[in-house]
*Asks:* 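Questions regarding the structure given below will be posed in turn.
Letters A, B, ... mirror the listed sequences (proteins, then strands); counts begin at 1.
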Amino acid sequence: MTAERFDPAIADTRWQRAWDEAQCFRADDNSPKPRSYVLEMFPYPSGRIHIGHVRNYTMGDVLARTKRMQGFEVLHPMGWDAFGMPAENAAMEKQVHPGSWTRENIANMKAQLKRLGFALDWSRELATCEPDYYGQEQALFLDLYAAGLVYRKESAVNWDPVDMTVLANEQVIDGRGWRSGALVEKRKLSQWFLKITQFADDLLDGLGELDKWPEKVRLMQENWIGKSQGLQFTFNILPSPSGEGPGVGSIQTSGISLSTDPTPTPPLKERGLSSFDVFTTRPDTLFGASFAAIAAEHPLAAAVARENPEAAAFIDECRRGGTTAAEMETAEKRGYDTGLQVAHPLDPSLTLPVYIANFVLMDYGTGAVFGCPAHDQRDLDFARKYGLPVLRVVADGDLTDPVFQGNEAYTGPGKLVNSRFLDGMEVPAAKAAVIARAEAERWGEGKTVWRLRDWGVSRQRYWGTPIPFIHCEICGVVPVPKKQLPVVLPEDVDFATPGNPLLRHPTWKHVDCPQCGKPATRETDTLDTFVDSSWYFLRFASQPADRPFDPAVLAKWLPVEQYIGGIEHAILHLLYARFWTRALKHIGQIDFAEPFASLFTQGMVTHETYFRTDAANGQPVYFSPDEVTRGSDSASLKSDGSPIEVGRVIKMSKSKKNVVDPDDIVAKYGADAVRWFMLSDSPPERDLPWSEAGIEGCARFVQRLWRLFAQFDAAATGADDVKLRRLTHQTVQGVSDDVAALQFNKAVARIYALANATEKASPSPDQQTAIRTLLLLVAPMMPHLAEEAWSMIGGTGLIAEAAWPPVDPALLVEDEVTIAVQVKGKLRDTLTVAKGTPRDELEALALASANVQRALDGAEVKKVIVVPDRLVNLVI
RNA sequence: GCGGAUGUGGCGGAAUGGUAGACGCCAGGGACUUAAAAUCCCUUGAUCCUUGAUCGUGCGGGUUCGAGUCCCGCCAUCCGCACCA
């Protein structure tokens, strides 16, 4: 006897168990079928899955299940990005071990994912915090070291003096540590680096071939890598007019010298400061130069400041300037004239003043620039402010006047003017000419400057992959021999005091040097967790116990056919993973360079906010959806019925209380309704607004399909229903295409349309086929309902392993078409005719229409446009 | 400032240059019911002189027999980057 209603509470667990028992989502390395590797970005085990994970994994799951039904051997794995700071914070706050906290979270989240019925190969599950994973990572790190792609250097880092740890740039908010609130210091520390810059050009070029990546992500990576080509050259500082030689001592512009130091500072020249280098992408405009500017942190600026308190004060002021976007935008271009003069490299008789300027950055290029105000907006602002010459050197059409007017720099193309040997050349030719001359005369050279920096991977933390090196007083930095891997984290650690527990640990770091055998110490830094996520997709495909992966098995699965995740990883994770893959190819371990053939970045799940403005302080007080009764255009509190305001639809966040918990909604509506909601309505790359009404509609549709499936009767009879048969085949084709293109919202709409038509149809074998087809089409989206119905109608085996319905191409085309009839482009009537009706016949039918005759109102038809099977347009 | 995306009913959104608003949600009306839930049916862009017509895809132009779609110029919103030399 068929149940009246589909009960997800029973069916969900039944089929989840059945899939587990049948092990049907295990990927077989040796399968003869074509392969497909579908991957979603693995989660950090924070404790609970977020609704955003549900959306992400539902999309991947539908693709994976559909591919499986279409005959592919699908690899669809899941794991845990399990190292990271939240575990250490939990350890400090709740006195639990990061490991047990993390493993408990993993267990909880795994159960949550299972409740959603994802078709995952759990036999390949991995957690980056386990030695069998991070030990192999250490091996790879040593391989990269051996290949010269890993090095150590002293580098300035953000140091939190209270927590006694390095902070990433993202963890410094307005100059303070995000946890401690302490003012962050810059500290010089020896850090491990990965040579990502060696692959800068490669990573940039590679973007060109990633045609299945969003344009947006490629652009972001391109900007991040930031390639600039130009000229680097040297400015020589001129001896001062007083004849004392180049030296700060000669600068008396301030008129005040507070220096009481009896020993005179040696001239700049003797301190190696008789010149400085600048970089420019516009060497062609060199004859338009009117000043040189150096960054406040430039060594020359520091030298000037030592003698000149005014300069020192200015530098101080620059340092204090805010770093937030708003402050930068409003920051005025300001400078301080050092009184120094440099010689123009193309004509030493020309001299330029040297400014310390707040808009010159020490960490880009050389930390010094030349200013050509006519053709650079920033330089123009600066020149106008300080009354410097503004000389035109690129002609904007006929405008060749050397005196540049206005306050908008000209940066477009043109011919060089007022530039001696460059006159008449186009900009690119002039650039090449200046570089050639600089190289011939040995005062500069063509150079490429990158924004991309080498990847600093040292973290002074416990909960990460130990960096496999040993510091020996005699032998220096020695790699841990591979047979001693993994270097395992000690379990007995103390989080009561701030700082790195590995450094404090009484015994862990003390080891013998692998080379000389004398007592030595382990590296106590651990790797940035982005290293862990830079190769997990390889380990999923192949995870032998004795090495990171088997290249022959990788070759079968990689690159990932479809990668799905959030846009927030557009740069960091996706760039690091691309780098790591290239680096492994470079050292001959794999033979592909790009890890992800196709990338899809899904939108966020959003929700309305509910709030009331607090009378006392004017701040909004937020309420969570389950405290609120939502009317059609108002909302009120459940507790006392008082009205509250409905705010903007924004990303779910705890502070705005507009969150829904996946467990709650799965318990209330069932996994299939939740999955269906995640796929409906919004295009997957856009934000999806969660709504109570929406999920209820989805739950209703689950029941409606259940009733439809319950009508299935293989022995049903009735007249042929060719229309429904055509629609059935068209829907299969359409859903296949939509799913392949990840346009799930369109697939959903088609399924609704077929369900509507099937319900309305009269009983017939065609109707039965439509029902059975619908069942197969929704199987990847609503797998529990589908299994339950499949077993009800007597399907063989699991529907998860059933074949995708076939398409008869002959049935994709209609035999009857509706033709639009227009008069002067306006729709006046429609005609239903046989497909392929000839032009003249269509014209005659159109003219015979009463509506058309009325619209024509006796006017003469001058021209008739006929598009066969589409429309007739009568032009009068 | 630079780069990118988006803009269509009350809402989410469909539409190879060819019938704008598919499909869903909300809303309204009806059927069934003692009643409710559930379900089913109908209506649902606006306006008007309602058997039909006019207007309508952010705004202003243009190309075309025909424009949500193509071109030019704006506006708004969102996202990313940012004194990048």
*Asks:* Would you kindly say whether A:Thr609 and A:Asn658 are connected by a side-chain donor-acceptor distance under 3.5 Å?
*Replies:*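 Note: A:Thr609 and A:Asn658 side chains miss the donor-acceptor criterion.
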*Asks:* At under 4.0 Å between heavy atoms, what does A:Val748 touch on the DNA or RNA strands: base, sugar-phosphate, or nothing?
*Replies:*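 Result for A:Val748 = nothing.
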*Asks:* Taking pairing as Watson-Crick or G-U wobble with both contacts under 3.5 Å, can you name the mate of B:U69, or confirm there isn't one?
*Replies:*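 Here B:U69 is not engaged in any pair, so there is no nucleotide opposite it.
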*Asks:* Reckon A:Arg704 has a side-chain N or O less than 4.0 Å from the OP1 or OP2 of B:U39?
*Replies:*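 So the side chain of A:Arg704 is outside the cut-off, no N or O lying under 4.0 Å from OP1 or OP2 of B:U39.
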*Asks:* Please determine, for the side chain of A:Arg451, which listed nucleotide (B:C25, B:A82, B:G80) has the closest atom?
*Replies:*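 Of all the options, the side chain of A:Arg451 is nearest to B:A82.
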*Asks:* Can you check whether A:Tyr364 has a side-chain N or O nearer than 4.0 Å to OP1 or OP2 of B:A85?
*Replies:*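 Looking at the OP1 and OP2 atoms of B:A85, one of them is under 4.0 Å from a side-chain N or O of A:Tyr364.
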*Asks:* With respect to the phosphate group of B:C25, does any side-chain polar atom (N or O) of A:Arg700 fall under 4.0 Å of OP1 or OP2?
*Replies:*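 Checking B:C25 against A:Arg700, a side-chain N or O does come within under 4.0 Å of OP1 or OP2.
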*Asks:* Starting at the 5' end of nucleotides 46-56 of chain B, put B wherever the base has a protein heavy atom under 4.0 Å, S where only the sugar-phosphate does, and a dash everywhere else.
*Replies:* ------SSSS-
*Asks:* What nucleotide among B:C40, B:A85, B:C65 has an atom nearest to a side-chain atom of A:Arg707?
*Replies:*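 Of the candidates, B:C40 comes closest.
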*Asks:* Within the 4.0 Å limit for protein heavy atoms, which parts of nucleotides 17-22 of chain B are touched? Write it as a string from 5' to 3', B for base, S for sugar-phosphate only, - for none.
*Replies:* -BB--B
*Asks:* Hey, is the side chain of A:Arg378 poking within less than 4.0 Å of OP1 or OP2 on B:C84, counting only N and O atoms?
*Replies:*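 Yes, within the criterion.
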*Asks:* Would A:Lys227 and A:Asp201 count as a salt bridge (Lys or Arg N to Asp or Glu O under 4.0 Å) if you check the C-alpha gap in whole Å, the side-chain angles of each, and the deciding distance to 0.1 Å?
*Replies:* CA-CA 8 Å; A:Lys227 183 179 189 176; A:Asp201 239 333; 2.9 Å; yes
*Asks:* Using a cut-off of less than 4.0 Å, is there contact between a side-chain N or O of A:Ser228 and OP1 or OP2 of B:A85?
*Replies:*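 Yes, because at least one side-chain N or O of A:Ser228 sits under 4.0 Å from OP1 or OP2 of B:A85.
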*Asks:* Establish, for the pair A:Arg5 and A:Trp706, whether the NZ or CZ atom is under 6.0 angstrom from the six-membered ring centre and no further than 45 degrees off its axis.
*Replies:*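 The answer is no, since A:Arg5 fails at least one limit relative to A:Trp706.
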